[in-house]
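Working notes for the structure below.
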Amino acid sequence: MSSPRLSSLEMGRVLAIFAVVVIHSGPLRGEMYSESINTLSDVINQTCRFAVPFFFLLTGYFVQPKLTQHPKKTFLHYAKPLSLIWLAWSVIYLLLPFRFDVVMSQGYLAERSGYWDFLLKTPLNTLFEGGLVHLWYIPGLLCALGIMALLISKRQEALIVPLALGLYVWGLGAGSYQPIMEGETPIFSRNGPFFSLLMVVAGAEMRRRDIQFSTRTAWAMLIGGMGLCFAEGFNLARYDVWMANHDFLIGTPIMAIGLFALLLNHPNWGNTPLTFALSQRVLGVYVAHFVVMLMLFNVFGAYSIEGIARDALLAPLTLLLSFGLVIALEMSRFTRFLVNMNKPKPQKPSKHAAA
């Protein structure tokens, strides 16, 4: 069963990668800003937290028919290329120096050894992240798809939703709500299936059950979920938990599902060639954008670009240069696998070639 690509969802994919870059660039944050401006930075951070949940929802929505019919085959279809992308970029980020000034003054190994030692202190968690922290998305997605495929193949579909909800609560109790619930997880609570499973399952269930929300309800979920995230963040600040550290909260699924439902209700939003051209490169930008961001951090540091100037330039330049990097990597068959999980279709030989 083929799934038509809705322009609104593709537009959502582009908005989500922009939000990811904003999260990682951390605008309006630091000692040079007042406390109120830093609070605004936290609000911006939480506003953008719909991004990765949206990616999970999107995968669940589009993969559901095939995963239900052919669970093992569908899982492997995703697992093989994504694992290769994760491994390749993990190696790149393990080798890429973060601070060029330290390399110049103390040497390459001096700069890298501290980071390698940091990762080796928590080897299990590193396995669920990779060479740099943002790569956790790929193992998280594969954990979710793997669990769903296993339970479907064993005809235990009824366990999927309860397990997803249970893992989400467990993750909250050991993550953002740890000061209150005092929970523990064997790996960092954001990683693995703790949050990814619920979001992928939510997307799949919306497709399987044809769940639809009115536009008014979708807006209410989006705004209400976002407001709940803000309320949770400000409340948890009483326990010395920084708002920008909250990857997922109680309001996060509500916010993300609201946005997803809203875009489903308006399938023609963003219906331009540019939307589709950008959206097909979002995975590549996600895994590669830290290369660009690290370069910009070093350039800005060398030229003392900071404050408002840094914040105004970092996210837009990262996005622009990251899309450029992805396009450049796509141009060679030797590097295309780094940014694209789909194998190029073999071209049919012409009549002259066949002769």
Side-chain angles (χ1 to χ4, degrees), residues 1-16 19 49-71 74-75 78 137 140-172 193-229 248-271 279 282:
M1 177 178 179
S2 61
S3 300
R5 293 294 184 180
L6 303 180
S7 60
S8 59
L9 295 183
E10 298 306 300
M11 181 185 71
R13 198 192 300 264
V14 176
L15 291 175
R49 290 290 178 176
F50 73 89
V52 175
F54 181 85
F55 289 144
F56 286 140
L57 280 164
L58 199 65
T59 299
Y61 185 83
F62 282 115
V63 81
Q64 183 274 324
K66 293 182 180 179
L67 191 64
T68 300
Q69 296 171 9
H70 309 288
T74 302
F75 171 69
Y78 278 82
Y137 166 74
L141 177 60
L142 293 180
C143 282
L145 292 176
I147 291 171
M148 293 174 68
L150 177 63
L151 292 177
I152 291 171
S153 65
K154 299 298 182 182
R155 301 186 183 278
Q156 299 295 323
E157 294 93 336
L159 297 177
I160 294 177
V161 172
L163 179 60
L165 288 170
L167 285 172
Y168 197 89
V169 173
W170 186 7
L172 286 174
F194 290 102
F195 296 119
S196 63
L197 182 59
L198 179 64
M199 302 314 303
V200 176
V201 168
E205 287 297 292
M206 289 181 71
R207 180 72 175 270
R208 185 176 75 89
R209 299 177 181 271
D210 193 24
I211 297 174
Q212 298 178 354
F213 299 97
S214 68
T215 296
R216 178 177 294 183
T217 301
W219 274 114
M221 292 176 67
L222 172 58
I223 297 172
M226 190 177 296
L228 180 56
C229 287
F248 292 83
L249 292 163
I250 296 173
T252 306
I254 303 171
M255 172 175 62
I257 293 172
L259 174 62
F260 195 81
L262 182 65
L263 294 177
L264 283 176
N265 288 347
H266 299 85
N268 290 321
W269 281 2
N271 190 11
S279 68
V282 162

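Since the structure is predicted, the reported quantities are computational estimates derived from the model, not experimental observations.
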Y61 to L264 - nearest heavy-atom pair and separation | OH-CD2, 3.8 Å
Are the side chains of L228 and L249 in touch, meaning some heavy atoms are under 4.5 Å apart?
-> no
Would you please test F213 and I257 for side-chain contact (heavy atoms from CB on, under 4.5 Å) and show each step?
-> CA-CA 10 Å; F213 299 97; I257 293 172; 4.1 Å; yes
Just wondering, do M255 and C229 contact through their side chains at under 4.5 Å, heavy atoms?
-> yes
Take the angle between the ring planes of W269 and H266 and call it parallel below 30°, perpendicular above 60°, tilted in between.
-> parallel
Rounded distance (nearest 0.5 Å) linking atom OG1 of T217 with atom CG of N265 | 9.0 Å
Nearest 0.5 Å, what's the CG-CG distance between L57 and L259?
-> 9.0 Å
Measure from the ring center of F50 to the ring center of F260 and say whether it is less than 6.0 Å.
-> no
4.5 Å side-chain heavy-atom contact, M199 and F55 = no
Any side-chain heavy atom of R13 within less than 4.5 Å of one from R5?
-> yes
Got a second to check how far R209's CZ is from Q64's CD, nearest 0.5 Å?
-> 10.5 Å
Backbone N/O of P267 and side chain of S7: donor-acceptor pair under 3.5 Å | yes
Test side-chain contact (heavy atoms from CB on, under 4.5 Å) applied to Q212 - qualifying residues, sequence neighbours left out = D210
Ignoring hydrogens and geometry, is there a side-chain-to-backbone donor-acceptor pair from S196 to G140 under 3.5 Å?
-> yes
Nearest-0.5 Å distance that lies between atom CG in L142 and atom CG in L145 = 6.5 Å
How are the rings of F195 and F248 set to each other: parallel, tilted or perpendicular (split at 30° and 60°)?
-> parallel
Could you go through the side-chain contact (heavy atoms from CB on, under 4.5 Å) check for L9 and L58 one step at a time?
-> CA-CA 8 Å; L9 295 183; L58 199 65; 3.9 Å; yes
Enter the distance from R208:CZ to I160:CD1 here, rounded to the nearest 0.5 Å.
-> 8.0 Å
Nearest atoms (heavy-atom pairs only) where A164 meets V201 = CB-CG2, 4.2 Å
Any donor and acceptor pair, going by atom type alone, linking the side chain of S153 with main-chain N or O of P71 inside 3.5 Å?
-> no
Using a 4.5 Å cut-off on heavy atoms from C-beta on, say whether the side chain of M148 contacts that of V63.
-> no
To the nearest 0.5 Å, how far apart are CG in L165 and CG in L197?
-> 9.0 Å
Measure the shortest side-chain to side-chain distance between L167 and W170 over non-hydrogen atoms and say whether it is less than 4.5 angstrom.
-> yes
Between G258 and M221, the two heavy atoms sitting closest are CA-CB, 3.7 Å
